[in-house]
> 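Can you read through this structure? Questions will come right after.
Computed over heavy atoms, backbone and side chain alike; hydrogens, waters and symmetry mates excluded. Atoms within a ligand are numbered from 1 in the order they appear, just like the ligands themselves.
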Amino acid sequence: MSRFYSWLNASQEFVSMYKGEEPFASFIKKQFAKHKKYGSTDRKNISQLCYGFFRLGKAFEEQPVIDRLLIGVFLSSRSSNDVLQEIKPLWNENITLNTHEKFSFLQAKEELSKVFPLHHKLSSKIDREVFQISMFHQPLLFIRVRPGKIDVVEQKLKAAAIQYNRVNDSCLAIANSSKVDAAIHLNRDAVIQDLNSQKVLDILPGYIQSDRPFGAWDCCAASGGKSILLKDMYPQVELTVSDIRETILRNLHQRFSQAGIKDYHSFDADLTQPTFILNKTFDLVICDAPCSGSGTWSRTPEQLAFFKEETIDHYNKLQKSISLNSSKSVRKGGYFLYITCSVFENENEDIVQFLQSHSSLKLLCQQYFIGYDKSADTLFTALFTL
Ligand SMILES: C[S@@+](CC[C@H](N)C(=O)[O-])C[C@H]1O[C@@H](n2cnc3c(N)ncnc32)[C@H](O)[C@@H]1O
């Protein structure tokens, strides 16, 4: 059997075995660890076929898996592909068409609207068509260079021959396959952080002075991406972090140590508990709530096939309870910043309405940070004051 058919068969087996119980990236890594016969070229081609398949979402569902693998790699590739060259040479000749043109070429224009199955749940601020098309391409890898480190980071990337684009004074866009962690000191000199994740605190300087000490609580801190950003913007901040489990905060402690952040408080707390009371108030509470992550699904396209609509309700309930509970710790005159990486109205605008009717918070502004037209994630923020 030619290697092209062997890649197709392996991909067919992997996508058929996968049931969405873990991220596909970790599933396929385990498969490759089990099947040592696959070398790096095999792994690259099989991964590309599988990801192309998931990028189809619910489109072409009546077609056999092998056909969907080929359609997926055709729609998601921008340059010549070895498998297509061998099996579908005419498709490969048309590989540089744009996504719309490719659907027309396949005589399957009606399939495009099936890619993202939950369009009726999207916020009205999301351009449905551009969002769907963005599912066919993997977003870029972005790093946020920490204050004063741009020269050293650029020198190290150049020395390691890593190509990058400077997006702004502190943000660099890098191809996904780059071995950035081997080239620079992550967390000390720069953090891996999506373009729009880097922007979600941009609103704060309009409200919080840069020279005045203030207290902030990052109540869903995870590995601390937003907290490190806050500390870089406001070195004087008295920082408190929490998450549902101490094990989740372990990664944060390690990153903070690498980032040189020593002075902070941390604790674990389940913020859905009605009994939760924090006898402390803050000038700023950041609530980067657990969410569907639908603004990041072009990085994890398996979600297009496996995410269940009813899960949005689950997140909506969680978000209501976490945001209401944590908002009780805003000091009078202080601020509450709600953040998600979701594009669903139920997780964003609906939570804003809920907080306005169930608390004394006053909405200052809400906004989407659109990433689907910039090879980046899409995030939502709403800033309130008390
Ligand atoms: C979107 S992530 C936060 C990302 C983080 N702020 C960052 O920038 O890296 C949401 C976090 O909420 C936490 N979480 C989920 N349920 C929670 C609960 N009931 N109480 C507190 N935190 C919770 C999750 O463990 C997860 O780490």
Side-chain angles (χ1 to χ4, degrees), residues 23 141-144 146 171 186-187 190-204 216-234 237 239-256 258-259 261 264-278 282 284-297 299-300 303 307 311-329 336-344 347-348 351 369 371 376-383:
L141 175 74
F142 293 95
I143 61 172
R144 181 177 64 79
R146 301 196 61 215
C171 178
L186 279 183
N187 301 320
V191 289
I192 293 184
Q193 190 166 40
D194 174 71
L195 171 68
N196 282 327
S197 259
Q198 299 186 25
K199 293 184 181 169
V200 287
L201 306 186
D202 282 1
I203 185 83
L204 294 180
W217 175 30
D218 183 358
C219 73
C220 292
S223 58
K226 308 297 181 304
S227 282
I228 301 175
L229 176 61
L230 184 70
K231 197 77 185 162
D232 284 346
M233 289 170 70
Y234 295 100
V237 66
L239 187 60
T240 298
V241 295
S242 70
D243 204 289
I244 189 167
R245 277 185 295 281
E246 178 54 32
T247 47
I248 296 172
L249 291 169
R250 271 187 216 148
N251 196 13
L252 174 145
H253 297 313
Q254 192 188 2
R255 286 183 83 196
F256 272 25
Q258 291 163 344
I261 302 172
Y264 63 100
H265 307 279
S266 82
F267 63 95
D268 54 289
D270 180 349
L271 301 178
T272 58
Q273 293 304 309
T275 51
F276 173 81
I277 299 175
L278 190 63
F282 299 88
L284 171 67
V285 174
I286 297 176
C287 178
D288 188 7
C291 72
S292 62
S294 48
T296 70
W297 283 358
R299 293 186 197 276
T300 53
Q303 294 281 358
F307 186 85
T311 310
I312 301 177
D313 284 343
H314 157 79
Y315 280 119
N316 172 279
K317 288 196 185 80
L318 202 58
Q319 289 151 353
K320 282 178 177 160
S321 127
I322 291 177
S323 59
L324 194 60
N325 263 339
S326 57
S327 71
K328 291 176 187 150
S329 292
F336 181 78
L337 183 66
Y338 177 77
I339 307 173
T340 72
C341 54
S342 168
V343 283
F344 296 139
E347 299 186 87
N348 297 331
I351 302 299
F369 291 84
D377 297 339
T378 296
L379 277 83
F380 172 83
T381 66
L383 183 68

> For the atom pair CD1 (Ile322) and CD1 (Ile244), what is the distance rounded to the nearest 0.5 Å?
7.0 Å
> Anything under 30° is parallel, anything over 60° is perpendicular, the rest tilted; go ahead and classify Phe267 against Phe276.
parallel
> For atom 15 (C) of ligand 1, find the nearest protein heavy atom and state the residue, atom name and distance (0.1 Å precision).
Pro290 CG, 3.5 Å
> Need the ligand 1 atom indices (1-based, order shown) with element for anything under 4.0 Å from a heavy-atom of Leu271.
18 (C), 19 (N), 20 (N), 21 (C)
> Could you tell me which atoms of ligand 1, counted from 1 in the order shown, lie closer than 4.0 angstrom to a heavy atom of Ala269?
20 (N), 21 (C)
> Please report which non-hydrogen protein atom sits nearest to atom 8 (O) of ligand 1, along with the residue it belongs to and the distance in Å to one decimal place.
Lys226 NZ, 2.9 Å
> Heavy-atom contacts with Ile322 under 4.0 Å: which atoms of ligand 1 show up? List them by number with element.
16 (N), 17 (C), 18 (C), 19 (N)
> What protein heavy atom lies closest to atom 12 (O) of ligand 1? Include the residue and the distance to one decimal.
Cys220 CB, 3.4 Å
> With a 4.5 Å cut-off on side-chain heavy atoms, are Pro290 and Cys220 touching?
yes
> To which protein heavy atom is atom 7 (C) of ligand 1 closest, and what is the distance rounded to 0.1 Å?
Gly225 N, 3.6 Å
> For the CD atom of Gln319 and the NE2 atom of His314, what is their distance to the nearest 0.5 Å?
9.0 Å
> Which residue and non-hydrogen atom of the protein lie closest to atom 10 (C) of ligand 1, and at what distance in Å?
Asp288 O, 3.3 Å
> CG of Leu195 to CD of Gln198: how many Å apart, nearest 0.5 Å?
6.0 Å
> Under 4.0 Å from a heavy atom of Asp270: give me the atoms of ligand 1 that qualify, with their elements.
18 (C), 19 (N), 20 (N)
> In Å, rounded to the nearest 0.5 Å, how long is the span from CG of Leu284 to CG of Leu383?
8.0 Å
> Looking only at non-hydrogen atoms, find the nearest pair between Val343 and Ser294 and report the distance.
N-OG, 3.0 Å
> May I ask you to list the atoms of ligand 1 that are less than 4.0 angstrom from any heavy atom of Ala221?
5 (C), 6 (N), 7 (C), 9 (O)
> Can you report which non-hydrogen protein atom sits closest to atom 13 (C) of ligand 1, along with the distance?
Asp243 OD1, 3.3 Å
> Anything under 30° is parallel, anything over 60° is perpendicular, the rest tilted; go ahead and classify Phe380 against Tyr338.
perpendicular
> Provide the number and element of each atom of ligand 1 under 4.0 Å from a heavy atom of Ala222.
3 (C), 4 (C), 5 (C), 27 (O)
> To which protein heavy atom is atom 23 (C) of ligand 1 closest, and what is the distance rounded to 0.1 Å?
Ile244 CB, 3.8 Å
> Out of curiosity, Gln303 CD to Ser292 OG, how far, rounded to the nearest 0.5 Å?
8.0 Å
> Quick one: do Asp288 and Lys226 make a salt bridge, cutoff under 4.0 Å?
yes
> Is Ser242 close enough to touch ligand 1? Criterion: a residue heavy atom under 4.0 Å from a ligand atom.
no
> Under 4.0 Å, heavy-atom basis, I'd like to know which part of Ser197 is in contact with ligand 1: side chain, backbone, both or neither.
neither
